[in-house]
**Student:** 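Right, I'll just put the structure down here and ask away after.
Each chain gets a letter, A, B and so on, in the order its sequence line appears, and its residues count up from 1. Note that the structure is predicted; figures quoted are calculated from it, not measured.
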Amino acid sequence: MTTPPAGSHEWCVIGRTPDDSLGGVRGMGSMLAVVDLDGDRVRIGSHRLGADELPDFVRERESQGRPRWVFSDAPNWCPALLSAGVRIERCHDLRLSHAILMRSESVRDGGAVAAAEEWDADPVSAPAAPEAEALFDVTERRSRIKQVPHDIDSALAEFDRQSAALASAADPGRLRLLLAAESAGGLVAAEMQAAGVPWDVEEHDRILAEELGPRPAGDAKPEKMLAVAEQVRTALDDPRANLDSHVKLLHSLHAAGINVASTSKWELQESEHPAIAPLLEYKKQARLLSANGWAWLDEWVDEGRYRPVYVPGGVVTGRWAASGGGALQIPRQLRPALRADPGWRLVSADVAQLEPRALAAMAGDRAMAEAGRGRDLYSGLVDEGIVATRQEAKIAVLGAMYGSTTGDSGRLVPRLRASFPAAMSLVDSAAEVGSNGGVVSTWLGRTSPVPGEGWSRVQRAANRFDATSADENRARRAAGDQGRFTRNFVVQGTAAEWALAWLADLRLRLARLPAVDLPTVEGEPGTTSATASGPVFSRQAHLVFFLHDEVIVHSPAQHAEAAAAAIREAAASAGKLLFGNAPVDFPLELTISERAEKD
DNA sequence: ATCTAAAGCGCG
DNA sequence: AAAGCGCGCTTTAGAT
């Protein structure tokens, strides 16, 4: 195998060979084109690799010059590299970048990217542990999902289109930063899935038993739930009340003289009736059982690791989404089941009030930045006499970012307008653009989607001479909805960019921490042994969880302080990278423990 | 029999 | 209280 020349501005585009049956191994052939981006793109050479050669090749190149690897789609390439013990430092993810570039209003010459529709595809999760019997299902499912092309020529062509689009951007620097951060996020997601969240199955089971009773056989209801259900039926004097069907339950409630329009808990809480308390308890139990009960444990936790499927860029604002496993909805109640391996620690950190801080930074609102500096931003509003209580501050700030107009929130938002004119004018303008059908962009240039045809039709209908008041109301409501969406888009999206920059930087800092020796395995191989994290992460601090504004790092105990420092430094560095010397800080709540706190 | 919509609740 | 943004998941009920 010839090794291509190393260079500091080098990109390696990875793709499948056109003849992927080469050597009798279908789908395993790989090709690399090594590209030098100094000046015009020059194809230095391409290299055909055999079935098992890619990981070694990547490892070798990584140790020499750290190129930026160009992937069609990180989930397609990362799992094999990680399971072979290979990590990369930087990449450019064509699928994620395509989604940003095709919409970005900063790009002046994006037609070619937008026209390459095959790159506008669904994210595909990497297959979990390849279990023989499930393989058919996985293959079957994946074949129905629209995937990006993984062959080398398609990847090179798309890479060219993206490079041209980027070069035409109004602010290529910011957009380049966004693409790098987004791509790094793709790597983090793949790595977190490979590592898994250390999960204490016994603790989870203990929590379930405490709330629901011991695990029932088959799909019977747990005994504590049955008992609570009986209390409800007795209180309703309706021995056959069905608590699982909203419609039937509503009938039973009405029959018992409880006048509610729905069975939602905030409405039930309003009523005074002996059935309400046990009913709310039952609903809580039912939720826990169906969402995160024993079935969830069986399906998603294996060998002491919870492996959810993250979807970077899955939300239009740039936030991550999840697909399967409910990674973004793990109830606080179950957080204690998240537990470090023996000799390891969990280092958890979250940013207090990330979104308003991102807004203050973006708007250059010095007064708002000052209100939050080094302290709880909501308390800052109280200290500065803008509102009376922390609760009011929270309602006002959320109301400002979400565009609420009624109730307490509507009453309090005007005070912010007086105190923080720059921040408020930014979100107010974003709302106005959206309500008129326009698009808005985040700090780094992620652009909101154009409202759909249905939206425009509603607006047109309201402008016709024969428009009814119903038409006008519908149009006004739709315009308001879109305005609130774009208002929030700039804030949520910019906060997501800060979080990506934080993650990207943290990932590299953690990779530079020292590795530890593997614990000697005595007797039975422990099911929660650190080796469950795979060859790359079993000896080194690594990210295991990310949720919009919080991270959890799993670290050898002796490096936990260093990991904590890395988290803080990465946060400071993210603020600088995005906002330069803007007077906004992003303070962290950080804890080192063996177990995640219940909160 | 299988798909979709809506309700409801978990997370930020 | 709900409101005002963004999601995923489970369940039931209704449509195909």
**Student:** Can you tell which of C:dG8, C:dG4, C:dG6 lies closest to the side chain of A:Ala321?
**Tutor:**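 My answer, after comparing the listed nucleotides, is C:dG8.
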**Student:** A:Tyr402 OH to C:dA3 C1': how many Å, rounded?
**Tutor:**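 Going from A:Tyr402 (OH) to C:dA3 (C1'), I get 11 Å.
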**Student:** Nucleotides 13-16 of chain C: which of its N/O atoms have a protein N/O under 3.5 Å away?
**Tutor:**
{"residue": "C:dA13", "atom": "OP1", "partner": "A:Ser245", "partner atom": "OG", "Å": "2.4"}

**Student:** Of all the nucleotides listed (C:dA1, C:dC5, C:dT11), which has the minimum atom distance to the side chain of A:Glu270?
**Tutor:**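 That would be C:dA1.
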**Student:** Whether the side chain of A:Arg287 and the base of B:dC9 hold a donor-acceptor pair under 3.5 Å is what I'd like checked.
**Tutor:**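 Pair found.
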**Student:** For A:Lys224, does the NZ atom sit with more than 12 other heavy atoms under 6.0 Å from it, leaving out its own atoms?
**Tutor:**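 Yes, the 6.0 Å shell around NZ holds more than 12 heavy atoms from other groups.
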**Student:** Can you check whether A:Trp443's main-chain N or O pairs, donor with acceptor, with A:Arg174's side chain at less than 3.5 Å?
**Tutor:**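 Yes; at least one donor-acceptor contact below 3.5 Å.
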**Student:** Which part of the nucleic acid, if any, lies within reach of A:Gly314 when heavy atoms closer than 4.0 Å are counted: base, sugar-phosphate only, or nothing?
**Tutor:**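 The residue A:Gly314 makes no contact with any strand.
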**Student:** Ring-plane angle category for A:Phe546 and A:Trp320, please: parallel below 30°, perpendicular beyond 60°, tilted otherwise.
**Tutor:**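 Ring orientation of A:Phe546 relative to A:Trp320: perpendicular.
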**Student:** Is the shortest side-chain N/O distance from A:Arg484 to OP1 or OP2 of C:dC5 below 4.0 Å?
**Tutor:**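 Indeed, a polar side-chain atom of A:Arg484 lies that close.
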**Student:** So if I take every side-chain heavy atom of A:Ser409 and compare against B:dG8, B:dG12, C:dA3, which nucleotide ends up nearest?
**Tutor:**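 So the side chain of A:Ser409 is nearest to C:dA3.
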**Student:** Do the non-hydrogen side-chain atoms of A:Gln285 and A:Leu289 ever get within less than 4.5 Å of each other?
**Tutor:**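 Contact flag for A:Gln285/A:Leu289 side chains = no.
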**Student:** Provide, to the nearest angstrom, the distance between the CG atom belonging to A:Asp408 and the C1' atom belonging to C:dA1.
**Tutor:**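 So the CG-C1' distance, A:Asp408 to C:dA1, works out to 9 Å.
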**Student:** Can you measure A:Leu289 atom CG to B:dG10 atom C1' for me and round it to whole angstrom units?
**Tutor:**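 After rounding, the reported distance stands at 15 Å.
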**Student:** For A:Thr442 and A:Thr494, test the side chains for any donor-to-acceptor distance below 3.5 angstrom and give the result as yes or no.
**Tutor:**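 The criterion, which ignores hydrogens and geometry beyond distance, is not satisfied for A:Thr494 and A:Thr442.
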**Student:** State, yes or no, whether a side-chain contact exists between A:Trp502 and A:Val351 at a heavy-atom distance under 4.5 Å.
**Tutor:**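 Of all side-chain heavy-atom pairs linking A:Val351 with A:Trp502, at least one is under 4.5 Å.
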**Student:** Answer yes or no: is there a side-chain heavy-atom contact under 4.5 Å between A:Leu588 and A:Arg568?
**Tutor:**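 The answer is yes; the side chains approach within 4.5 Å.
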**Student:** Taking only side-chain N and O atoms of A:Gln269, does any of them lie within less than 4.0 angstrom of OP1 or OP2 on C:dA1?
**Tutor:**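 Affirmative; the distance criterion is met.
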**Student:** I want to verify a distance call: between C:dG8, C:dT12, C:dC5, whose nearest atom is closest to the A:Asp244 side chain?
**Tutor:**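 Out of C:dG8, C:dT12, C:dC5, the nucleotide with an atom closest to A:Asp244's side chain is C:dT12.
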**Student:** Should A:Lys284 be listed as having a side-chain N or O under 4.0 Å from OP1 or OP2 of B:dC9?
**Tutor:**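 Checking A:Lys284 against B:dC9: no side-chain N or O falls below 4.0 Å of OP1 or OP2.
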**Student:** Go through B:dG12, C:dA3, C:dC7 for me and flag the one nearest to the A:Val316 side chain.
**Tutor:**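 Shortest atom-to-atom distance from the side chain points to C:dC7.
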**Student:** Are the side chain of A:Trp296 and the backbone N or O of A:Gly325 linked by a donor-acceptor pair below 3.5 Å?
**Tutor:**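 Here the side-chain-to-backbone pair exists.
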**Student:** Give the nucleotide from the list C:dA1, C:dA3, B:dC9 with an atom nearest to the side chain of A:Lys283.
**Tutor:**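 In terms of side-chain proximity for A:Lys283, the closest of C:dA1, C:dA3, B:dC9 is B:dC9.
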**Student:** How about A:Arg446 and A:Leu444: do any of their side-chain heavy atoms sit closer than 4.5 Å?
**Tutor:**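 Not touching, per the 4.5 Å side-chain cut-off.
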**Student:** When the nearest nucleotide of DNA chain C is assigned to A:Lys265 and to A:Gln492 on a heavy-atom basis, which residue is associated with the more 5' position?
**Tutor:**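 Closer to the 5' end of DNA chain C: A:Lys265.
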**Student:** Could you check if a side-chain atom of A:Glu392 sits within less than 4.5 angstrom of a side-chain atom of A:Arg411, using non-hydrogen atoms only?
**Tutor:**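 Yes, side chains in contact.
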**Student:** Is there a side-chain contact between A:Arg390 and A:Ser379, using heavy atoms and a 4.5 Å cut-off?
**Tutor:**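 Yes - at least one pair of side-chain heavy atoms lies under 4.5 Å apart.
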**Student:** At under 4.0 Å between heavy atoms, what does A:Asn292 touch on the DNA or RNA strands: base, sugar-phosphate, or nothing?
**Tutor:**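 The residue A:Asn292 makes no contact with any strand.
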**Student:** Give a yes/no on whether any side-chain N or O of A:Thr263 is located under 4.0 angstrom from OP1 or OP2 of B:dG8.
**Tutor:**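 For B:dG8, OP1/OP2 do have a side-chain N/O of A:Thr263 under 4.0 Å.
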**Student:** So do the side chains of A:Glu182 and A:Ile100 get within less than 4.5 Å of each other, counting heavy atoms only?
**Tutor:**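 They are in contact (side-chain heavy atoms under 4.5 Å apart), so the answer is yes.
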**Student:** So which nucleotide from C:dA1, B:dG8, B:dC11 ends up closest to the side chain of A:Ser262?
**Tutor:**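 It is B:dG8.
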**Student:** Which residue lies toward the 5' end of DNA chain C, A:Trp296 or A:Gly407, if each is placed at its nearest nucleotide?
**Tutor:**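 Going by which nucleotide is closer to the 5' end, it is A:Gly407.
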**Student:** A:Leu249 CG to B:dA7 P: how many Å, rounded?
**Tutor:**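 The answer, rounded to whole Å, is 15 Å.
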**Student:** Of the listed nucleotides (C:dC9, C:dC5, C:dC7), which one gets closest to any side-chain atom of A:Val315?
**Tutor:**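 Ranking C:dC9, C:dC5, C:dC7 by closest atom to the A:Val315 side chain puts C:dC7 first.
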**Student:** Could you tell me the separation between the CG atom of A:Asp481 and the C1' atom of C:dA3, rounded to a whole number of Å?
**Tutor:**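 The distance from CG of A:Asp481 to C1' of C:dA3 comes to 13 Å, rounded to the nearest Å.
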**Student:** For A:Leu354, which contact category applies under a 4.0 Å heavy-atom criterion: base, sugar-phosphate, or nothing?
**Tutor:**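 No contact.
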**Student:** To the nearest Å, how far apart are A:Asp122 CG and C:dG8 C1'?
**Tutor:**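 That distance rounds to 16 Å.
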**Student:** For the residue pair A:Leu249 and A:Tyr282, establish whether any side-chain heavy-atom pair is separated by less than 4.5 Å.
**Tutor:**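 Contact flag for A:Leu249/A:Tyr282 side chains = no.
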**Student:** Return the value, rounded to whole Å, for the distance between atom OH of A:Tyr310 and atom P of C:dG6.
**Tutor:**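 In whole Å, C:dG6 P and A:Tyr310 OH are 23 Å from each other.
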**Student:** Going by number, which of residues 433-448 of chain A have a non-hydrogen atom under 4.0 Å from DNA chain C?
**Tutor:**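 Result for residues 433-448 of chain A: none.
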**Student:** Using Watson-Crick and G-U wobble pairs whose two distances are both under 3.5 Å, how do you write the pairing of DNA chain C as dot-bracket, with | for links to another strand?
**Tutor:** ....||||||||||||
**Student:** Please check if any side-chain donor atom of A:Ser593 sits under 3.5 Å from a side-chain acceptor atom of A:Thr591, or the reverse.
**Tutor:**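 Short answer, no.
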**Student:** Please state how far atom CD in A:Glu497 lies from atom P in B:dG12, giving the value in whole angstrom units.
**Tutor:**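 Atom-to-atom, A:Glu497 to B:dG12, this comes out as 22 Å.
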**Student:** Classify the side chain of A:Arg332 versus the base of B:dG10 as yes if they form a donor-acceptor pair under 3.5 Å and no if they do not.
**Tutor:**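 Under the 3.5 Å cut-off, the side chain and the base do not form any donor-acceptor pair.
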